[in-house]
Amino acid sequence: ALLGSPDDPEHVEHFGKQLQREANRMADMVHELISLSKLQGAEALPEIEPVSVDDVVSAAIVRNQMAAENHGIELRALVGGKGDAVASTSTAQARSELFVVGNRNLLVTAVSNLVSNAINYSPDATPVTVSYEAVSAEEVRIYVADQGIGIAEDDQERVFERFFRVDKARSRQTGGTGLGLAIVKHVVANHGGNISLRSELGEGTTFTLALPRYRDHDSERGVL
């Protein structure tokens with residue numbers, strides 16, 4: 001199409017933007033496939049250390065702030081609670097001082113992917129909430145909740161498959177690769193945790209990450 005009308009500026013701009021958008025999407029897909037291959041391989045997690053859950057959530061929100069603002073979506077971070085998108089009404093100022101053991105970059109990627117997914121499948125001007133808590137001496141949970149389109153019950157077990165899309169038309173519009181949730185699943189599994197979801201059509205979705213808690217760092221601060 002570009003070669004057919006190289007002297008038409010509007011024509012060149014229109015198809016040039018399409019080419020750029022698809023090239024960026026392909027680059028993202030290649031990067032995510034490489035990441036997924038590493039996570040599925042036998043490689044040990046790099047740079048294992050105590051990781052602050054506060055910092056992971058904060059970094060994930062920063063990564064998605066611009067996308068959220070473009071849709072009028074408020075990103076909320078809450079310490080404690082079950083991640084109920086309806087009940088979450090304010091941004092927490094206090095830090096939880098909760099820690100898990102793992103790789104910070106991979107954990108930020110996992111939570112960031114969930115936040116990005118929530119933004120992409122939410123109506124404009126609705127909130128996306130990230131909340132987190134210690135549910136026991138051994139486990140920390142991170143919840144990412146939205147008020148979006150929801151996921152049909154028949155699709156809920158498939159959302160972590162490679163390239164599976166709940167709404168194909170919306171995925172094409174947002175430039176999604178269909179690999180984000182698969183990456184989340186493997187990051188969490190490689191950290192000895194698990195991921196689950198609760199969703200109803202038209203009511204929104206809550207993803208829950210359950211991760212082993214790092215206790216020594218908590219006890220140094222008097223956190224029970």
Side-chain angles (χ1 to χ4, degrees), residues 14 17-18 20-22 24-26 28-29 32 56-93 107-133 141-185 187-188 195-210:
H14 173 73
K17 287 182 177 178
Q18 285 191 338
Q20 185 180 46
R21 183 169 60 250
E22 290 304 312
N24 288 338
R25 190 173 71 86
M26 289 297 292
D28 289 342
M29 184 177 295
E32 292 187 353
V56 167
V57 170
S58 177
I61 287 177
V62 169
R63 282 192 187 184
N64 289 280
Q65 193 66 55
M66 183 175 295
E69 290 175 357
N70 288 340
H71 294 280
I73 288 175
E74 179 187 0
L75 299 180
R76 300 171 174 173
L78 299 175
V79 178
K82 298 298 183 183
D84 189 325
V86 176
S88 301
T89 58
S90 63
T91 300
Q93 300 298 319
L107 290 171
V108 171
T109 295
V111 178
S112 177
N113 283 0
L114 290 178
V115 174
S116 175
N117 192 72
I119 293 170
N120 289 338
Y121 287 93
S122 292
D124 289 356
T126 58
V128 169
T129 304
V130 186
S131 57
Y132 47 106
E133 63 179 348
R141 291 184 184 176
I142 302 173
Y143 312 93
V144 179
D146 63 59
Q147 297 178 13
I149 63 174
I151 304 171
E153 187 174 353
D154 292 344
D155 292 336
Q156 291 181 16
E157 291 187 3
R158 300 192 60 199
V159 294
F160 300 106
E161 296 176 5
R162 292 187 183 192
F163 303 115
F164 181 79
R165 296 160 187 252
V166 173
D167 186 331
K168 295 180 180 179
R170 187 183 290 259
S171 294
R172 284 194 295 270
Q173 292 173 2
T174 60
T177 64
L179 293 168
L181 292 181
I183 289 174
V184 174
K185 176 183 176 180
V187 168
V188 174
I195 182 168
S196 60
L197 69 91
R198 173 172 52 84
S199 183
E200 292 185 25
L201 286 176
E203 299 295 330
T205 301
T206 298
F207 285 92
T208 301
L209 304 183

| field | side-chain hydrogen bond (donor to acceptor under 3.5 Å, both in side chains) assessment of N64 paired with S112 | value | CA-CA 7 Å; N64 289 280; S112 177; 3.1 Å; yes

| request: Under the side-chain contact (heavy atoms from CB on, under 4.5 Å) rule, what do L75 and I73 come out as? Steps first, then yes or no, please. | output: CA-CA 6 Å; L75 299 180; I73 288 175; 4.3 Å; yes

| request: Evaluate side-chain contact (heavy atoms from CB on, under 4.5 Å) for Y132 paired with V57, printing each intermediate quantity in order. | output: CA-CA 9 Å; Y132 47 106; V57 170; 3.8 Å; yes

| Worked check of side-chain contact (heavy atoms from CB on, under 4.5 Å) between L197 and F160 | CA-CA 11 Å; L197 69 91; F160 300 106; 4.1 Å; yes

| said: Pair F207, R198 - check side-chain contact (heavy atoms from CB on, under 4.5 Å), show working. | reply: CA-CA 7 Å; F207 285 92; R198 173 172 52 84; over 6 Å; no

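To the nearest 0.5 Å, the span separating OG1 on T208 from OH on Y143 amounts to 6.0 Å. Atoms CD and CG, from E161 and D155 in turn, are 9.5 Å apart once rounded to the nearest 0.5 Å. The structure places CG of L78 at 11.0 Å from CD of E133, a figure rounded to the nearest 0.5 Å.
Nearest heavy atom pair, residue V188 against residue I195, reads CG1-N, 4.2 Å. Between S199 and T205 the shortest heavy-atom distance is OG-OG1, 2.7 Å. The minimum heavy-atom distance between A152 and L201, with the atom names listed, is N-CD2, 3.5 Å. Counting all heavy atoms, side chain and backbone alike, V187 lies closest to A110 at CG1-CB, 3.9 Å.
Checked by atom type and distance alone, the side chain of N113 pairs as donor or acceptor with a backbone atom of G180 at under 3.5 Å. Formation of a donor-acceptor pair under 3.5 Å by the S122 side chain with backbone atoms of A118 is found in this model. In this structure, the side chain of T126 does not engage the main chain of Q147 through any donor-acceptor pair within 3.5 Å. Judged purely by atom type and a 3.5 angstrom limit, Q156 uses its side chain to pair as donor or acceptor with the backbone of I151.
Within 6.0 Å of CD on Q65 lie more than 12 heavy atoms contributed by other residues, nucleotides or ligands.
With sequence neighbours left out, the side chain to side chain donor-acceptor pair (under 3.5 Å) criterion links S116 to no other residue. Scored by the side chain to side chain donor-acceptor pair (under 3.5 Å) test, H14 finds no partners at all (sequence neighbours excluded). Remark: N70 engages no residue in a side chain to side chain donor-acceptor pair (under 3.5 Å) (not counting sequence neighbours).
At least one side-chain heavy atom of L181 sits less than 4.5 Å from a side-chain heavy atom of L114. For the pair I119 and H71, the minimum side-chain heavy-atom distance is below 4.5 Å. Counting only heavy atoms from C-beta outward, the side chains of V115 and V130 approach each other to under 4.5 Å. For the pair I142 and V111, the minimum side-chain heavy-atom distance is below 4.5 Å. The closest side-chain heavy-atom distance from L209 to V184 is below 4.5 Å.
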